Structures are given as C-alpha cells and as structure tokens.
Amino acid sequence: MKKFFSVEDVLNVSDLIREAINLKKNPYCFQHFGKNKTIGLVFFNPSLRTRISCQKAAFNLGCNTWVLDIHQDSWKIEMSNGSVMKNTQEHLKEAISVLSTYCDILAVRTFPNLLDKNEDYQEVIFNKILNYSKVPVVNMESSTLHPLQSLADVMTIAEIRPFSAKKKCKVVLSWAPHINPLPHSVANSLSQWVSKIEEIDFLITCPEKYDLCKKFSDGISTLHNQNEAFLNADFIYAKNWSSYINYGKILCSSSSWMITEKKMKLTNQAKFMHCLPVRRNMVVEDAVLDSQNSVVLQQAENRIYAAQIIFLKILQSLS
Ligand code: CP
C-alpha cells in the first residue's frame, strides 16, 4: 500500500478486516517492520482516539512516533496558494514537505470548513498534502472521509457477527441531533466501506434534506422514518452530520431523532455503535450508551488495530 486515503486504496476489504482481527490477537508479531521507522502524526484539528490509537498502533509495530498539533504548537499555516502571507507564517507546502522528511509515514487530520462544498468535497487541502509529502500519507480524517474509523467499525461488526452470505446482518446508520454543524466524514466513510461488504444490508435514516452526497451513498436506501428503519436492525450506528444539500447548515435539531431505549426495542436487540466523542442525552440516551448492547468501547479499541494494519501494509511496501 502506497498511501491510505480511502477504502479505494484497499485491495480486498474482507481480507483486510480478517488481518486486523488476527493482528488484535497477536499485536507484537510484526515489530521487525517498524525497526528504525518513524510515523509522524499531524493534527490540524483536535483528537483523542485517533491520536492515541495511532501512537499505540505504531508502538505495537516497533515504530517511533512524533505528534504535532498544528494550531497549538506550530506556526500559523497558510493553506491557499498565491496569497500574500500577511497573517500566516508558514505555507502548507513547506510545512508538509519538511515534516515528511522527518518520518517514513505521515498521518494527517484535517477537517472541512463546511462553508465551501466544492473545496471540501474536492479534498483540496488533503490533495495538497498528498502532493507535498515525500513519504506515504495516511488519512486520519479529511474533509469528507474518516477511513480509519470505518475500518475499526466494520472490524467491530465482523467480530460480533462474522460475515455470512446466508444470513446478512442489517446495519442502520441513523442521524441524531447535535448543537453544532458536524462533518459528513464518518457517515460518508461508513457508507463507502459497507458498500464493499456483500454480507451487510445497509441503510441510512435521516431527516429530510440530510441525505448524504451521492458520491458515497449511491445505491444505498435512505429512509426519513427512523422507526421504520430500526425494524429488525442488528446494528444501530448513530451519528450527527450537518446538511449536505444546504451545505454545512443545521436544519433539524429535534430531540425526536435521539437514540432511545424505546427505539432500540424496535430492533433485533441491536448493538449500539458510535465513533465517539458523543454528547449524552442529546445524540443518545444514557440508558442506551450504558447498556450491554453498546459496543462503542470495542469500536474505540479497534481503532488501534485498524491503524496498525494500515501502517503495517505501508511499512511492508517500503521494505
Ligand atoms: N472517533 C474519533 O476520530 O475520535 P477523535 O476525534 O477523538 O480522534
């Protein structure tokens, strides 16, 4: 693997999930690939899970890491080309080029601005990073995608319900309310990954005008009736996202979309999933998040092995 931007960089998703699950059972068996290798982690936005799970994944592989929180620890970075840099001190071009000489793999997180749909959906910033880096780049969440999260998510589903063509499992991605306009990356990415897995019946439920971009959700059923969508579901994946159609806007804040115990009773004793961080009693009731059926911690733990299998694939391609 030469880079990891999205699921499109993966040859076979089912094989990758299997390998990640095996890695979890024996996490230190590939340490020779990480000897004298360094993974750089660059954050343009905050993180808890991604940051620490990637460090742990690198440690498991015997790699060194360094971490840079751009807004906290660095110069103010200029993203646009051709501008007179009156208010910024360093251009993204030099920053990424230099940082990439300090590591063997460069992992980067950038969020969308949620103002300019074209800029976000063309992944203008991440494409510049891919272009400026002299080493393989890993997407730790970009404007439109969060592939390490999705790999951990499908791995979690496979651990709980090993894929079977005879009995497909029903996974429902449900929009849930939030007070801030949030990116689409988790929802887009999950849609993209599960579309590659035949053994999953996937559907999305969200309010009107919250349909996801067709680029990622083409061919996926979207229901605007949450109760109907929940019927016989095996997994409920809750996530908020801002509107794609009215780009970046909050058009619904109704608590009627919150995930509740009552709604979970409509399902086939579904497992509850969320990528975290989650706002309790806004996105999901305490009773659901704290229930036996909540697998959010398993998802979070699997972030280690999702990152580890991707770093390993890239390290193997370097050797
Ligand atoms: N789920 C996730 O990416 O969490 P962080 O934003 O804390 O990294």
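Read the numbers this way: they start at 1 and go in the same order the structure lists the ligands and their atoms. These numbers come from a predicted model, not from an experiment.
- For the residue pair E78/N87, the side-chain donor-acceptor check at 3.5 Å is not satisfied.
- Atoms of ligand 1 lying under 4.0 Å from any heavy atom of L48, numbered from 1 in the order shown and given with element: 5 (P), 7 (O), 8 (O).
- Note that OG of S53 and CG of L148 are 7.5 Å apart. Values are rounded to the nearest 0.5 Å.
- For H184 and Y247, the ring centers sit closer than 6.0 Å to each other.
- For ligand 1 and H146, the ligand atoms under 4.0 Å from any heavy atom of the residue are 2 (C), 3 (O).
- The heavy atom nearest to atom 2 (C) of ligand 1, out of those in R303, H274, E141, is found in R303.
- For F272 and F235, the ring centers sit 6.0 Å or farther from each other.
- Counting only heavy atoms of the protein, atom 1 (N) of ligand 1 lies nearest to L276 O, 2.8 Å.
- Among L68, V67, I70, the single residue meeting the side chain to side chain contact (heavy atoms under 4.5 Å, CB included) criterion with F43 is V67.
- Between the side chains of Q192 and S6, no donor-acceptor pair of N or O atoms lies under 3.5 Å.
- For V186, no heavy-atom contact with ligand 1 is shorter than 4.0 Å.
- Nearest to atom 6 (O) of ligand 1 among the protein's heavy atoms is R109 NH1, 2.9 Å.
- When hydrogens are left out, the protein atom nearest atom 4 (O) of ligand 1 is R49 NE, 2.9 Å; that is the closest non-hydrogen contact.
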